[in-house]
Trainee: 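Sharing a structure with you now.
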2 protein chains.
Amino acid sequence: MSETKLSQIRRRNDPTNPTPRKSERTRQAILDAALKFLWTQPFRDLTVGKLMSLAGTSRSSFYQYFQDLHDLMETLLCGLEEDIFGVAAPWLQGEGDPIPLLEETMEGLVRVCYQQGPILRAVADAAPMDERLEKAWADFLKDFDDAVTDRIEQHQAAGLIKPFDARPIAISLNRMDAYLLIHHFGRRPRGNRESVREAILRVWILTLYGDKPLAESVPGSRAKRHAKPSRSKNS
Amino acid sequence: MSETKLSQIRRRNDPTNPTPRKSERTRQAILDAALKFLWTQPFRDLTVGKLMSLAGTSRSSFYQYFQDLHDLMETLLCGLEEDIFGVAAPWLQGEGDPIPLLEETMEGLVRVCYQQGPILRAVADAAPMDERLEKAWADFLKDFDDAVTDRIEQHQAAGLIKPFDARPIAISLNRMDAYLLIHHFGRRPRGNRESVREAILRVWILTLYGDKPLAESVPGSRAKRHAKPSRSKNS
DNA sequence: TTAGTATATGACACAATGTCAGAAACAAAG
DNA sequence: CTTTGTTTCTGACATTGTGTCATATACTAA
């Protein structure tokens, strides 16, 4: 008996298995349904009932896969965190002239958040309602604060950035990013990718490398922009 | 009959009335109870039942005074907004050397939030759960973004601040303030007033007036602080 | 004291959660 | 194809919290 059972378990857990277990398909259906819902409605309107009717199974089966809605959000957050740290690698870890690296990183950040904005928004919305999720969200932010702080300090040691207390600046920049990305990409209709990217990039460069001569090689930035920039008071 | 009725109403609405109406006392008791609760517990644990048992009346009477918990939070937010705009006046509207004005404003901001931190935190926590409150909170933030943006642009016109796009910087600074104030003063035990004040002030001055020689007149800052500042990596 | 209004209360209907025992679907072995 | 053991799904239930309403109680001014 034990051999048989073990082989079943082995097969079942094999990720290359061509026919994934039913449970995996259902689980994915729930995640897809959640995403679909959050593209058009805020997290506060999501209930287990609505979600599962979207996913096409009964309400109670939700609890086979997730403890509750916040647990589900935590799952989505984990995926997002990987993606974001992936695209942030150039500036956080790359070598060479930091400004092109920063451009690449922000380009990627905007791309990822443009695609997954609702997750960002929904997690931020849901976090205060659940202790665990609140912790996960705080850690997520803190990981970025730490990474950015370290990078600033490295660049300061290398003379690329003026010596100031790095952490508050890192926090400031990260909170602005979070606000802008959630605000513009958190729900449909989404804001303009290019303008968000440019706004974020401009502030980072100005804040960190502002005393250096600005490279005009920013891809996508219009040719001349030396006059007082158009006041972007659109909230 | 109409005279009698009117005089009652007049008396009742007179704020200088030595014996305020019962309803006013109850209303205040509810607000006090809410504040007391929020000093020690997060908004997510607040229910109408708990609140009213703290306030000393029955659960259902809550609804005579507020539509729901979010409506109550909105009331608390309004009070806070007044206080904050009050203390922010020096830098936002004052005349003269901007750095002492900024110091005064940040001193006041920290003082007010030290005293009312839980309101700030609870409103921020509760906002995503209610459309109206979300709007009120967004407006609250936007009012600040607007005011700071205007002030930066005025100082830019006067040559006190270098010419850059003011709004993203204003947003960045405001979001950092919100984060730090909520993080350190949003619940007990609260963080250190002085260190928060210094951190915020440093970033604002560095960001806005960074190219100017720094006045060492910051009240409360220790005499010499020219070496690399102690890395404040305490989250 | 009383009349009339203001305030407070308990009972109710409703919505959503999370659990559980049993039903149904599935997949491997005979 | 059937059997058998396991996985997955489901409806019913108990629980918690909300907001409303008719009615009871407590005020206040005359």
Side-chain angles (χ1 to χ4, degrees), chain A residues 1-14 17-30 33-34 37 41-73 126 129-133, chain B residues 1-14 17-30 33-34 37 41-73 126 129-133:
Chain A
M1 101 176 180
S2 74
E3 271 223 346
T4 300
K5 203 168 186 177
L6 277 180
S7 77
Q8 280 188 10
I9 289 170
R10 213 174 291 121
R11 182 170 170 342
R12 164 198 317 162
N13 288 342
D14 179 2
N17 190 325
T19 38
R21 306 191 75 215
K22 173 107 193 267
S23 69
E24 265 320 304
R25 282 187 289 117
T26 305
R27 187 187 158 88
Q28 196 54 49
I30 295 173
F37 184 96
Q41 281 165 274
F43 177 82
R44 62 171 164 269
D45 291 337
L46 184 61
T47 69
V48 178
K50 290 182 194 171
L51 176 62
M52 294 309 283
S53 96
L54 251 187
T57 36
S58 73
R59 194 181 69 81
S60 40
S61 67
F62 170 83
Y63 296 96
Q64 301 261 239
Y65 300 95
F66 303 97
Q67 277 194 269
D68 52 36
L69 288 175
H70 303 103
D71 183 33
L72 182 153
M73 295 314 301
M129 289 159 64
D130 180 80
E131 194 167 354
R132 271 185 47 142
L133 185 59
Chain B
M1 84 145 191
S2 72
E3 270 219 348
T4 301
K5 203 169 187 177
L6 277 179
S7 77
Q8 280 187 10
I9 289 171
R10 215 174 290 121
R11 181 169 170 347
R12 165 199 313 163
N13 290 340
D14 179 4
N17 190 324
T19 38
R21 307 192 72 213
K22 173 105 191 273
S23 69
E24 265 320 304
R25 282 187 289 117
T26 306
R27 186 186 157 89
Q28 196 54 49
I30 295 174
F37 184 96
Q41 281 166 275
F43 177 81
R44 61 170 165 271
D45 291 337
L46 183 61
T47 69
V48 178
K50 289 183 193 172
L51 175 62
M52 294 309 285
S53 97
L54 251 187
T57 37
S58 72
R59 194 181 69 82
S60 42
S61 67
F62 171 82
Y63 296 96
Q64 302 254 270
Y65 300 95
F66 303 97
Q67 276 195 271
D68 51 36
L69 288 176
H70 303 104
D71 182 33
L72 181 153
M73 294 315 301
M129 288 160 66
D130 180 79
E131 195 168 353
R132 272 186 45 146
L133 185 59

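All chains are named by letter (A, B, ...) in the order of the sequence lines, taking the proteins before the strands, and each is independently numbered beginning at 1.
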Trainee: Got A:L69 and A:F62 here, is their nearest side-chain heavy-atom distance under 4.5 Å?
Mentor: yes
Trainee: Can you list every pair that meets salt bridge (charged side-chain N to carboxylate O under 4.0 Å, His left out) and has a residue in residues 44-55 of chain A, with sequence neighbours left out?
Mentor: A:R44-B:E134
Trainee: In whole angstroms, how far is the P atom of D:dT28 from the CZ atom of B:R25?
Mentor: 7 Å
Trainee: Scan residues 42-51 of chain B against DNA chain C and write down, sorted by residue number, each residue with any heavy atom closer than 4.0 Å; if none is found, say none.
Mentor: none
Trainee: Report the distance from atom OH of A:Y63 to atom C1' of C:dA21, rounded to the nearest whole Å.
Mentor: 18 Å
Trainee: Taking CD1 from A:I30 and P from D:dT8, how many angstroms apart are they, rounded to a whole number?
Mentor: 12 Å
Trainee: Enter the distance from A:Y63:OH to A:M52:CE here, rounded to the nearest 0.5 Å.
Mentor: 9.5 Å
Trainee: What is the distance, to the nearest angstrom, from the CE atom on A:M129 to the P atom on C:dT17?
Mentor: 10 Å
Trainee: Report the distance from atom CZ of B:F66 to atom C1' of D:dT18, rounded to the nearest whole Å.
Mentor: 17 Å
Trainee: Looking only at heavy atoms, what is the nearest atom pair of B:A126 and B:L133, with distance?
Mentor: CB-CD2, 3.6 Å
Trainee: At their closest point, which heavy atom of A:A55 faces which heavy atom of A:I30, and how far apart are they?
Mentor: CB-CA, 4.1 Å
Trainee: Is it true that atom CD of A:E131 has more than 12 heavy atoms of other residues, nucleotides or ligands lying nearer than 6.0 Å?
Mentor: no
Trainee: Nearest-Å distance, CG (A:D68) to P (C:dG18)?
Mentor: 5 Å
Trainee: Mind checking whether B:F43 and B:H70 have side chains closer than 4.5 Å, heavy atoms only?
Mentor: yes
Trainee: Between protein and nucleotides 7-12 of chain C, map the contacts as a letter string: B base, S sugar-phosphate only, - none, heavy atoms under 4.0 Å, written 5' to 3'.
Mentor: BBBB--
Trainee: Using the side chain to side chain contact (heavy atoms under 4.5 Å, CB included) rule, take A:R27 and A:E24 through it: C-alpha gap first, then chi angles, then the decisive distance, then the call.
Mentor: CA-CA 5 Å; A:R27 187 187 158 88; A:E24 265 320 304; 3.8 Å; yes
